[in-house]
Amino acid sequence: MAKGRSSFGFSALPVTIFAHLLVIAIATLLLVWLLHFQDGFAFKSKINKGIIFNLHPLFMVIGFVLVAGEGKYIYDESAIMAYKTVPATRKVQKVVHLILHLSALLAGIVGIYAVFKFHHELGIANMYTLHSWFGMSTICLFGLQWLLAFFSFWFPGAESSTRAKLAPWHIFLGIVIFLMAILSAETGLVERFIFLQLGRTQEALIVNFTGLLLFLFAVSVGFTVIL
């Protein structure tokens with residue numbers, strides 16, 4: 001069987017390209033929603049506290065979910081997507097994989113800080129919804145996964161036999177955490193939709209299509225694993 005092909009009879013490359021297009025579409029829809037319908041975003045505001053909250057979906061979807069997704073399929077075919085994304089040596093791919101995931105982790109931390117700041121300034125309780133439980137669990141597991149991977153595969157690095165044993169678990173947990181991130185984003189969009197009482201509006205369409213495209217992004221990533 002040719003490399004990059006499976007019993008489905010075609011290469012993973014078209015699915016990978018489709019996933020990249022979804023990343024662009026999701027980021028575009030999210031920016032349209034936040035900038036056009038929700039007045040933008042900022043870390044400080046005395047009048048409109050909602051723009052502080054808007055940093056949360058910005059950093060969590062674009063900075064965390066999408067960047068982490070990109071990082072996952074840059075490493076190699078046994079990770080979530082094909083290494084064709086970065087046609088370089090394995091060491092370079094590992095560095096890019098590591099940096100993208102670190103960037104995603106930092107973006108996730110900023111996104112969580114933004115929503116906690118928004119809740120604090122309006123006197124709203126934290127961590128009482130399913131979305132918040134999944135989101136916090138995801139970011140904590142992601143951070144733990146990154147640290148373990150850094151010390152096991154990069155510096156100081158475990159023995160080759162130990163790395164070989166850890167690699168399948170690293171890949172499996174990476175997929176689980178990625179799906180948790182998608183679920184957190186979807187529940188967050190539903191929660192915001194209900195809070196804003198969007199109904200049948202253009203803004204509602206933007207939010208719903210963002211959720212649908214996130215689902216397709218998850219499907220394309222999973223399909224690439226099979227391929």
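Along the sequence shown, residues carry numbers from 1.
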Chemist: Passes side chain to side chain contact (heavy atoms under 4.5 Å, CB included), Phe209 versus Trp33? Steps please.
Modeler: CA-CA 11 Å; Phe209 273 109; Trp33 177 39; over 6 Å; no
Chemist: Check whether Val65 and Val32 end up in the same hydrophobic cluster, where Ile, Leu, Val, Met, Phe, Trp and Tyr are linked by side-chain heavy atoms less than 4.5 Å apart.
Modeler: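 In one cluster with Val65: Val32, yes.
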Chemist: Going from CG on Leu141 to CE on Met136, what distance comes out if it is rounded to the nearest 0.5 angstrom?
Modeler: 12.0 Å
Chemist: If you compare all heavy atoms of Trp146 against all heavy atoms of Leu102, which two are closest, and at what distance to 0.1 Å?
Modeler: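 In terms of heavy atoms, the two residues are closest at NE1-N, 3.6 Å.
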Chemist: Which heavy atom of Ser45 sits nearest to which heavy atom of Ile52, and what is that distance?
Modeler: N-CD1, 3.9 Å
Chemist: Ring-plane angle category for Phe142 and Phe64, please: parallel below 30°, perpendicular beyond 60°, tilted otherwise.
Modeler: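 Rings of Phe142 and Phe64: perpendicular, as their planes differ by over 60°.
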Chemist: Applying side chain to side chain contact (heavy atoms under 4.5 Å, CB included), can you list everything that pairs with Val115, at least two apart in sequence or on another chain?
Modeler: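 Checked Val115 against side chain to side chain contact (heavy atoms under 4.5 Å, CB included); matches are Phe53, His56, His119.
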Chemist: With the side chain counted from C-beta on, respond yes when Ile26 and Val61 share a heavy-atom pair under 4.5 Å apart, and no when they do not.
Modeler: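 In contact.
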Chemist: Should the ring pair Phe178 and Phe217 be called parallel, tilted or perpendicular, given that the plane angle runs from 0 to 90° and is split at 30 and 60?
Modeler: perpendicular
Chemist: For the residue pair Phe193 and Ala204, what are the closest heavy atoms and their distance?
Modeler: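 Between these two residues, the closest heavy atoms are CE1-CB, 3.4 Å.
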Chemist: Would you say the side chain of Thr187 lies within less than 4.5 Å of the side chain of Trp133, judging by non-hydrogen atoms?
Modeler: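 Trp133 vs Thr187: side chains apart.
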Chemist: What distance separates Thr16 OG1 from Phe223 CZ, expressed to the nearest 0.5 Å?
Modeler: 11.0 Å
Chemist: For the residue pair Ala164 and Pro168, what are the closest heavy atoms and their distance?
Modeler: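 In terms of heavy atoms, the two residues are closest at O-CD, 3.2 Å.
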Chemist: Quick one: side chain to side chain contact (heavy atoms under 4.5 Å, CB included) partners of Phe195, sequence neighbours excluded?
Modeler: Arg192
Chemist: Cluster question for you: counting only ILVMFWY and a side-chain heavy-atom cut-off of under 4.5 Å, with indirect links fine, are Ile177 and Leu98 together?
Modeler: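 Looking at the clustering, Leu98 is in a separate group from Ile177.
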Chemist: Say you draw a straight line from CG of Asn54 to CG of Leu30; how long is it, rounded to the nearest 0.5 Å?
Modeler: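 It comes to 9.0 Å.
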Chemist: Say whether Phe118 and Leu196 are linked into one hydrophobic cluster, either directly or through other cluster members, by side-chain heavy-atom distances under 4.5 angstrom.
Modeler: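 Yes, because Phe118 and Leu196 connect within a single hydrophobic cluster, where side-chain heavy atoms sit under 4.5 Å apart.
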Chemist: Between Ile51 and Leu34, is any pair of side-chain heavy atoms under 4.5 Å apart?
Modeler: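 Of all side-chain heavy-atom pairs linking Leu34 with Ile51, none is under 4.5 Å.
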Chemist: Can you name the closest pair of heavy atoms from Thr28 and Ile24 and give their distance?
Modeler: OG1-O, 2.8 Å
Chemist: To the closest 0.5 Å, what do you measure between CD1 (Ile17) and OG (Ser220)?
Modeler: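 Reported to 0.5 Å precision, the distance equals 12.0 Å.
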Chemist: Answer yes or no: is there a side-chain heavy-atom contact under 4.5 Å between Ser184 and Met60?
Modeler: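 Sidechains of Met60 and Ser184: no contact.
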Chemist: What's the separation between atom CD1 in Ile139 and atom CG in Leu144, rounded to the nearest 0.5 Å?
Modeler: 12.0 Å
Chemist: Are Leu189 and Leu205 connected into the same hydrophobic cluster when the rule is that any two of I, L, V, M, F, W, Y join if their side-chain heavy atoms are below 4.5 Å apart?
Modeler: yes
Chemist: How far does OG1 of Thr210 sit from CG of Leu29, to the nearest 0.5 angstrom?
Modeler: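 Nearest 0.5 Å value for the OG1-CG distance: 4.5 Å.
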Chemist: Give the C-alpha distance, both sets of side-chain angles, the deciding distance and a yes or no for side chain to side chain contact (heavy atoms under 4.5 Å, CB included) between Ile194 and Val190.
Modeler: CA-CA 6 Å; Ile194 295 172; Val190 171; 4.0 Å; yes
Chemist: Just jot down the salt bridge (Lys or Arg N to Asp or Glu O under 4.0 Å) partners of Lys49, sequence neighbours excluded, or say none.
Modeler: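 For Lys49, the residues satisfying salt bridge (Lys or Arg N to Asp or Glu O under 4.0 Å) (neighbours in sequence not counted) are Glu121.
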Chemist: By side-chain hydrogen bond (donor to acceptor under 3.5 Å, both in side chains), which residues pair with Glu191, not counting sequence neighbours?
Modeler: Thr129
Chemist: Would you mind reporting whether Ile206 and His36 have side-chain heavy atoms less than 4.5 Å apart?
Modeler: no
Chemist: Out of curiosity, does Leu214 fall in the hydrophobic cluster containing Leu179 (side-chain heavy atoms, cut-off under 4.5 Å, transitive links)?
Modeler: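 Per the 4.5 Å side-chain linkage, Leu179 and Leu214 are co-clustered.
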Chemist: Would you sort out whether Val221 and Val15 count as a side chain to side chain contact (heavy atoms under 4.5 Å, CB included), showing the intermediate values?
Modeler: CA-CA 8 Å; Val221 169; Val15 185; over 6 Å; no
Chemist: Checking Ile182 against Phe215 for the side chain to side chain contact (heavy atoms under 4.5 Å, CB included) test, could you report, in this order, the C-alpha distance in whole Å, the side-chain angles of both residues, the deciding distance, and whether it holds?
Modeler: CA-CA 7 Å; Ile182 293 293; Phe215 169 74; 5.8 Å; no
Chemist: Grab the two heavy atoms, one from Leu66 and one from Ala27, that are nearest each other, plus how far apart they are.
Modeler: CD1-N, 4.2 Å
Chemist: My understanding is that only residues two or more places apart in sequence, or in another chain, count here; which of them pass side chain to side chain contact (heavy atoms under 4.5 Å, CB included) with Leu35?
Modeler: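 Leu35 satisfies side chain to side chain contact (heavy atoms under 4.5 Å, CB included) with Leu31, Phe41 only.
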Chemist: Table please: side-chain donor-acceptor pairs of residues 147-163 below 3.5 Å, with sequence neighbours left out.
Modeler:
unit_1: Ser152; atom_1: OG; unit_2: Leu148; atom_2: O; d: 2.7
unit_1: Arg163; atom_1: NH1; unit_2: Ala158; atom_2: O; d: 2.5

Chemist: Is there a donor-acceptor pair under 3.5 Å between the side chain of Gln145 and the backbone N or O of His170?
Modeler: yes
